[in-house]
Amino acid sequence: MTEPQKSTVTITGAAGQIGYALLFRIASGAMLGPTTRVRLRLLEIPAAVHAAEGTALELDDCAFPLLDSIDVTDRAEEAFDGADVALLVGARPRAAGMERADLLAANGSIFGPQGRAINDHAADDIRVLVVGNPANTNALIAAAHAPDVPAERFTAMTRLDHNRGLAQLAAKLGCRTSEIDGLTIWGNHSATQYPDITHATAGGQPIASLVEQEWVEQEFIPRVARRGTEIIEARGASSAASAASAAIDQVHDWVLGGDASWTSAGVVSDGSYGVPKGLVSSFPVRSIEGGWEIVPGLEVPEFSKVRIEASVKELEQERESVRTLGLIG
Ligand code: NAD
Ligand code: LMR
């Protein structure tokens, strides 16, 4: 009998809301498929280790056949030891009166050391998905502290924005989300992001010919870009189950490939589409042999260009801020 495949998956912020929605699905096989056994490593701050241990008890009680082991720790070097996949969810939320620079500094002190621990202890082919906000710049900081890990192994989550876009389009067109292809989220996981339907189709038909441009500009783009705020206002807390589901989707497709022509992910720019090299920006991407490839050669009309540039400008400003703070070189 052949040995089943095993994967070590590290989740930071495991006792948080997203962690609680994420762990059970990973342990059930939703992320890495039905033939890969999973060793979970949960990283938390000391004050939340006990709560994460409580979640571990519940994971035990699910009797998931694919779940090999669960370790809970507050030590990054232990949590990332031999990690094949790392989901960096734990982050410092913005507190009242906190400026953006304060938030970037607070998160820099989390993602810098975690990047270093990944560099020193994780598997050589680690895949890192940063969920904690500001996700793109946190991924940039982590990658900067992991010089021995290829930069393309660090990604930021914009799959939630992509899924939100699919859901809005399917509702508008009265079709299934699986019938929609060719949607792209460009730029930052923030209100400046650009959800782009230029190349999107529904059942093979160009969506631009099925919806009014006014709806795209006045409703679709702002609705998707501000959905995070809409959820916070409605729930009184930031999205958790949908964020966890998107994280599962993003890692699943990265490792195992996806069904659509392409999806969206925050990846390190190679200079494609005028996005400065090294920025972690959302692009149209497809998973090829276990790596993300930025879809090349798409036509970018002026309407899109200005919106992509605006979001990329924000990413450049965030990079400048963390540089000024000494968080990256
Ligand atoms: P939460 O506050 O419920 O949980 C965060 C957890 O992280 C807490 O348990 C906390 O103890 C832990 N934590 C803090 N610092 C840590 C550290 N240094 N190491 C390990 N753990 C640490 O928050 P949540 O709802 O789970 O959201 C987590 C993050 O995800 C937030 O930054 C949120 O804004 C972000 N988010 C991103 C997206 C996206 O699409 N990229 C979507 C939703 C939420
Ligand atoms: C989301 O898009 O739901 C979150 O990133 C919002 C937030 O600020 O946590």
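FYI, the numbering just counts along the sequence from 1. Note that the structure is a prediction, hence the values are computed from the model and not measured. First listed ligand is number 1; within each ligand, the first listed atom is number 1.
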Gly228 neighbourhood, listing ligand 2 atoms whose heavy-atom distance to it stays under 4.0 Å: 1 (C), 2 (O), 3 (O)
Shortest protein contact, atom 9 (O) of ligand 2 (heavy atom only): Ser238 OG, 3.1 Å
Any side-chain to backbone donor/acceptor pair from Ser282 onto Gly187? Under 3.5 Å, distance only. no
In ligand 2, which numbered atoms sit nearer than 4.0 Å to a non-hydrogen atom of Arg164? 1 (C), 2 (O), 3 (O)
Taking ILVMFWY side chains as joined if any heavy atoms are under 4.5 angstrom apart, and letting links pass through other members, which residues group with Leu88? Leu43, Phe80, Leu104, Ile110, Phe111, Ile118, Ile126, Val128, Val130, Leu140, Ile141, Val149, Phe154, Val268, Val280, Val322, Leu325, Leu327, Ile328
For atom 8 (O) of ligand 2, which candidate among Asn133, Asp161, Val224, Ile231 holds the nearest heavy atom? Asn133
Amino acids in close contact with ligand 1, where any non-hydrogen atom sits under 4.0 angstrom away: Gly13, Ala15, Gly16, Gln17, Ile18, Leu43, Glu44, Ile45, Ala48, Val89, Gly90, Ala91, Ile110, Gln114, Val131, Gly132, Asn133, Met157, Leu160, His189, Ser238, Ser239, Ala243
Going by the rule salt bridge (Lys or Arg N to Asp or Glu O under 4.0 Å), which residues pair with Arg235 if we only count those two or more places apart in sequence or in a different chain? none
Hey, is CZ on Arg323 packed in by over 12 heavy atoms from elsewhere, all under 6.0 Å? yes
Side-chain cluster (under 4.5 Å, hydrophobic types only) that Leu66 belongs to, other residues: none
Against heavy atoms of Ser239, which atoms of ligand 2 measure under 4.0 Å? 1 (C), 3 (O)
Does some non-hydrogen atom of Arg227 fall short of 4.0 Å from ligand 2? no
Are the side chain of Thr36 and the backbone N or O of Gly33 linked by a donor-acceptor pair below 3.5 Å? no
Would you verify whether the NZ or CZ of Arg286 falls within 45 degrees of the ring axis of Trp262 while also being under 6.0 Å from that six-membered ring's centre? no
Close approach of Arg235 to ligand 2, heavy atoms, under 4.0 angstrom: no
For Trp186 together with Tyr273, are the ring centres under 6.0 Å from each other? yes
Within a reach of under 6.0 Å around CG of Asp259, are more than 12 heavy atoms found that belong to other residues, nucleotides or ligands? no
List every atom of ligand 2 that sits less than 4.0 Å from any heavy atom of His189, numbering the atoms from 1 in the order shown and giving each element. 1 (C), 2 (O), 4 (C), 5 (O)
Please identify which of these residues, Glu318, Lys313, Gln317, Gln193, meets the side-chain hydrogen bond (donor to acceptor under 3.5 Å, both in side chains) condition with Asn188. Glu318
